[in-house]
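Structure first, then comments.
Just so you know, these numbers use all the heavy atoms, side chains as well, and skip hydrogens, waters and symmetry mates. Because the structure is a prediction, the values reported are computed rather than measured.
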Amino acid sequence: MSFRSLTRALGLVRAGAPKQVIAYVLLAAVGGLSPLAAAWLTKILIDRLAAAQVRWPDVAGPAAALAVVGVAGSLVPHAVRYLRAESDRRVQLLATSRIYAAADRFVGLRPFEDPVFLDRLQIARSSGVGSPWMVVEGGLGVIQGVVTVAGFAGTLLVLGPWMAVAVLLAAVPTLLAELALSRRRAAMIAETGQAERREIFYANLLVNPQAAKEVRLFGAGAYLWRRMAAEIKLIHDAGRSVDRRQLALQGSLAALAAAVAGALLVAAVRSAVSGALTVGDVALVVAAVAAVQGALSSVVAEGVSVHQALLLFGHYLAVVDEAPDLPVRSAPLPARRLRRGIELRDVWFRYADDQPWVLRGVNLVLPQGRATALVGLNGAGKTTVVKLLCRLYDPTRGAVLWDGVDLRDLDPAELRRRIRAVFQDAVAYELTAAENIAIGDVSALEEPARIEAAARRAGVHDVLAGLPKGYETMLTRMFFSEADRADPDTGVVLSGGQWQRLSIARGLVLDRPDLLVLDEPSSALDAEAEHEVHTRLGEHRRGLTSLLISHRLGAVREADTIVVLSGGRIVEQGSHDQLMARAGAYARLFDLQASGYRSPAPEEVG
Ligand SMILES: Nc1ncnc2c1ncn2[C@@H]1O[C@H](COP(=O)(O)OP(=O)(O)OP(=O)(O)O)[C@@H](O)[C@H]1O
């Protein structure tokens with residue numbers, strides 16, 4: 001927590017709800033002052049009414065003013081409540097938009113795999129976005145309390161300075177203890193961030209339609225619930241431990257306050273007996289001590305809520321101020337249309353310093369306009385090569401060059417506009433069919449012809465055109481579109497292979513990218529569909545720079561160059577015929593697959 005956090009929180013409130021917060025402060029002040037105004041006006045009215053000769057004009061003014069104060073006093077609390085909720089909503093919206101803008105700014109994937117960052121993100125999203133407004137409300141509460149304390153402490157000071165000093169001193173331990181508790185509570189929220197994320201993960205698994213098949217069939221529900229309950233218990237245990245500490249501390253501090261009040265009462269009574277104080281003074285002391293202690297405890301409570309809000313806001317700031325995950329030059333070079341090719345030059349890569357090398361000195365050229373295929377066993381590092389080409393990570397050593405220029409020197413956004421990829425684990429968006437394709441280039445939403453052309457290339461047009469609302473059909477039964485609200489039965493669930501064709505269409509919606517990457521684009525397709533898709537893709541790729549990854553070697557044999565990756569190194573490369581002639585790893589794998597298709601069924605053997 002720091003002064004900087006405070007100014008940033010206030011800055012966010014000012015930016016999010018500038019008019020509302022001013023109106024809120026003014027109305028809160030009016031609300032706070034109206035009882036005082038009412039008391040004064042009542043006194044004036046009574047005095048004038050009690051005068052010997054009462055004339056209407058003398059009392060009309062105060063009476064009308066009292067009526068106005070009464071009306072204002074009844075309206076203001078409602079207006080204040082509305083303004084408080086509205087300001088909070090606006091500030092939360094701005095704070096949330098900044099979190100997602102910060103997350104979107106990351107060039108690569110690393111922050112999304114870092115548990116420390118993810119914990120912070122969870123806290124920032126859940127508690128951080130509400131904290132700026134808590135700072136304002138708590139701060140106003142503190143100011144209000146301080147004014148009350150000052151007023152009554154002044155009264156005590158007049159009656160006996162030691163009384164004021166004793167009451168104020170008795171509040172110091174409360175303040176310190178509450179601040180320590182607040183720090184402990186904020187630390188507890190930080191410590192349980194991961195447990196909260198796991199709880200959400202299990203909760204989603206238990207009701208997620210994708211997981212429901214396996215969870216039901218394998219009877220894993222009770223097991224997952226037990227894991228979730230363990231996380232909830234962990235969060236509750238941490239909360240309970242802070243609550244118990246709070247109970248012990250606040251209990252003893254309340255007893256201390258009561259003892260101080262009792263001692264002051266005894267002392268005041270004694271002074272009254274000796275004649276130093278009047279009976280009225282004793283009554284005033286009792287009222288003033290109660291008021292000062294009440295106001296002080298509210299100052300402490302509000303102060304603590306500001307303190308806690310600022311500690312939580314610290315996590316929010318850490319997320320929105322997180323340094324770039326990958327370095328971007330202040331004046332990056334333009335990513336020009338590819339003319340020669342992309343080169344991986346002596347690329348070494350591992351996901352973290354304590355992880356094994358995934359790529360060990362890879363040298364690979366993807367010539368412009370040529371089709372390159374990458375093959376290798378599971379875990380060989382093929383998808384990792386794709387991630388480096390898209391600059392989702394930087395090489396640990398070596399470089400990836402775009403026409404000779406290091407990807408690190410290019411504008412990442414421009415680079416990405418030149419690359420399209422169909423990922424192995426493409427996302428099935430719970431949106432319409434058209435949106436699912438247009439995610440590959442959202443400008444295509446305005447040009448349905450492009451969406452349809454991409455769907456045709458991926459061989460999915462007929463399926464989509466035949467849906468109840470064609471391309472506007474929702475591809476989920478979890479949500480319905482705005483137009484379908486009255487008829488929630490219109491969502492459609494596609495098959496695995498149909499989804500895969502759709503994700504291919506998403507990769508093809510941007511016409512003629514400079515690099516097209518297809519990572520296992522046909523794994524879910526039936527033999528006929530696979531053949532058809534590869535034929536279409538083969539035609540589409542002609543003249544394009546492309547990288548195709550597939551375990552089905554029949555699908556890659558047409559590539560200009562086939563590269564075999566093994567143990568993070570390139571062990572062979574050449575055309576299909578060259579590699580077959582070489583009789584190495586590729587030829588062995590190819591023959592193995594081919595013999596699987598050709599060999600007789602077991603009962604026919606012998
Ligand atoms: N985000 C990650 N963090 C840590 N290790 C990872 C990560 N992603 C992949 N790996 C590891 O890197 C290695 C290469 O993975 P990669 O996905 O590149 O292989 P692949 O050749 O595409 O495999 P497959 O044919 O199974 O798709 C594997 O050992 C994998 O465990």
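For Val299 against Val146, the heavy-atom pair with the smallest separation is CG2-N, 3.6 Å. Nearest heavy-atom pair, Ser126 versus Glu196, reported as atom, atom and distance to 0.1 Å: OG-OE1, 4.4 Å. Gln20 approaches Ser87 most closely through the heavy-atom pair CB-OG, 3.3 Å. Of all the heavy atoms in Arg417 and Leu510, the pair that sits closest is O-CD2, 3.3 Å. Summarising the geometry of Val282 relative to Ala272, their closest heavy-atom pair is CG2-CB, 3.7 Å, with the distance given to 0.1 Å. Closest approach of Pro334 and Leu410 over heavy atoms only: O-CD2, 3.6 Å.
Here CE of Met228 is found 4.0 Å from CD1 of Ile232. Values are rounded to the nearest 0.5 Å. One distance of note links CG of Asp104 with CD1 of Ile99; it measures 13.5 Å at 0.5 Å rounding. For the atom pair CG of Leu415 and CG of Leu333, the computed distance is 12.0 Å after rounding to the nearest 0.5 Å. Separating the CG atom in Leu359 from the OG1 atom in Thr384 is a distance of 5.5 Å, to the nearest 0.5 Å. For the atom pair CZ of Arg416 and CZ of Arg391, the computed distance is 8.0 Å after rounding to the nearest 0.5 Å. Rounding to the nearest 0.5 angstrom, the gap separating the CG atom in Leu407 from the CG atom in Leu389 is 7.5 Å.
Arg4 and Asp321 are joined by a salt bridge, as a carboxylate oxygen and a charged side-chain nitrogen come within less than 4.0 angstrom of each other. Under a 4.0 Å N-O distance rule, the pair Glu231/Arg226 does not qualify as a salt bridge. Between Arg185 and Asp243 a salt bridge is recorded (basic side-chain N to carboxylate O distance below 4.0 Å).
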Problem set entry | Residue pair Arg8, Val320: steps toward the side-chain contact (heavy atoms from CB on, under 4.5 Å) verdict | CA-CA 12 Å; Arg8 295 275 303 268; Val320 296; 4.0 Å; yes
For this session: List the steps, then state whether side-chain contact (heavy atoms from CB on, under 4.5 Å) holds for Tyr316 with Leu12.
Result: CA-CA 12 Å; Tyr316 170 89; Leu12 201 65; 4.0 Å; yes
For this session: Evaluate the criterion side-chain contact (heavy atoms from CB on, under 4.5 Å) for residue pair Leu181 and Val304; output intermediate values, then yes/no.
Result: CA-CA 9 Å; Leu181 271 176; Val304 161; over 6 Å; no
Problem set entry | Step-by-step side-chain contact (heavy atoms from CB on, under 4.5 Å) determination, Asp406 to Val400 | CA-CA 6 Å; Asp406 196 318; Val400 183; 5.7 Å; no
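Residues Leu6 and Phe313 form no side-chain contact, since every pair of their non-hydrogen atoms from C-beta on lies 4.5 Å or further apart. Using a 4.5 Å heavy-atom cutoff, the side chains of Glu435 and Thr432 are in contact. Side-chain atoms of Gln308 and Ile189, non-hydrogen and from C-beta on, do get closer than 4.5 Å to each other. Residues Val347 and Val385 are not in side-chain contact: their nearest non-hydrogen atoms beyond the backbone lie 4.5 Å or more apart. Looking at heavy atoms from C-beta onward, Arg506 lies in side-chain contact with Asn436 at the 4.5 angstrom threshold. Residues Leu66 and Thr42 form a side-chain contact, since some pair of their non-hydrogen atoms from C-beta on lies under 4.5 Å apart. Looking at heavy atoms from C-beta onward, Ser5 lies in side-chain contact with Leu317 at the 4.5 angstrom threshold. Side chains of Leu205 and Val215 form no contact here, defined as non-hydrogen atoms less than 4.5 Å apart.
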Without placing hydrogens or testing angles, list every side-chain donor-acceptor pair under 3.5 Å for residues 247-266, not counting sequence neighbours.
residue	atom	partner	partner atom	Å
Gln250	OE1	Gln246	NE2	3.4
Gln250	NE2	Glu178	OE1	3.4
Gln250	NE2	Glu178	OE2	2.6
Ser252	OG	Ala248	O	2.8
Ser252	OG	Leu249	O	3.1

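Legend: residues meeting salt bridge (Lys or Arg N to Asp or Glu O under 4.0 Å) with Arg329, ordered by chain and number and at least two apart, are Asp409. Looking at residues two or more places apart in sequence or on another chain, you find a ring pair (Phe, Tyr, Trp, His ring centres under 6.0 Å) between Trp348 and Trp357. Lys233 is linked by a salt bridge (Lys or Arg N to Asp or Glu O under 4.0 Å) to Asp237, counting only residues two or more places apart in sequence or in another chain. Among residues two or more places apart in sequence or in another chain, the salt bridge (Lys or Arg N to Asp or Glu O under 4.0 Å) test is passed with Arg81 by none. Judged as a ring pair (Phe, Tyr, Trp, His ring centres under 6.0 Å), and not counting sequence neighbours, Tyr100 has no contacts. Every ring pair (Phe, Tyr, Trp, His ring centres under 6.0 Å) that Phe349 has, sequence neighbours left out, goes to Tyr351, Tyr393. Val165 meets the side-chain contact (heavy atoms from CB on, under 4.5 Å) test with Leu169; sequence neighbours excluded. Under the rule for a salt bridge (Lys or Arg N to Asp or Glu O under 4.0 Å), Glu414 has no partner lying at least two apart in sequence or in another chain.
Although no hydrogens or angles enter the test, the distance criterion places a donor-acceptor pair under 3.5 Å between the side chain of Asp325 and the main chain of Val107. Using modelled atom types, no side-chain atom of Arg420 and backbone atom of Val517 make a donor-acceptor pair closer than 3.5 Å.
Applying the salt bridge (charged side-chain N to carboxylate O under 4.0 Å, His left out) definition to pairs two or more places apart or across chains, those involving residues 113-137 are Arg84-Glu137, Asp119-Arg197. For residues 166-196, no pair satisfies ring pair (Phe, Tyr, Trp, His ring centres under 6.0 Å), with sequence neighbours left out. Sorted by first and then second residue, the pairs that involve residues 5-36 and meet ring pair (Phe, Tyr, Trp, His ring centres under 6.0 Å), not counting sequence neighbours, are Tyr24-Trp133.
Atom CZ of Arg397 has more than 12 neighbouring heavy atoms from other residues, nucleotides or ligands inside a 6.0 Å radius. The environment of OH in Tyr223 is sparse: at most 12 heavy-atom neighbours from other residues, nucleotides or ligands sit within 6.0 Å. When the shell of 6.0 Å around CD of Gln355 is examined, it contains more than 12 heavy atoms from other residues, nucleotides or ligands. Atom CZ of Arg245 has 12 or fewer heavy atoms from other residues, nucleotides or ligands within 6.0 Å.
A ring-centre distance under 6.0 Å is found for Phe106 and Phe117.
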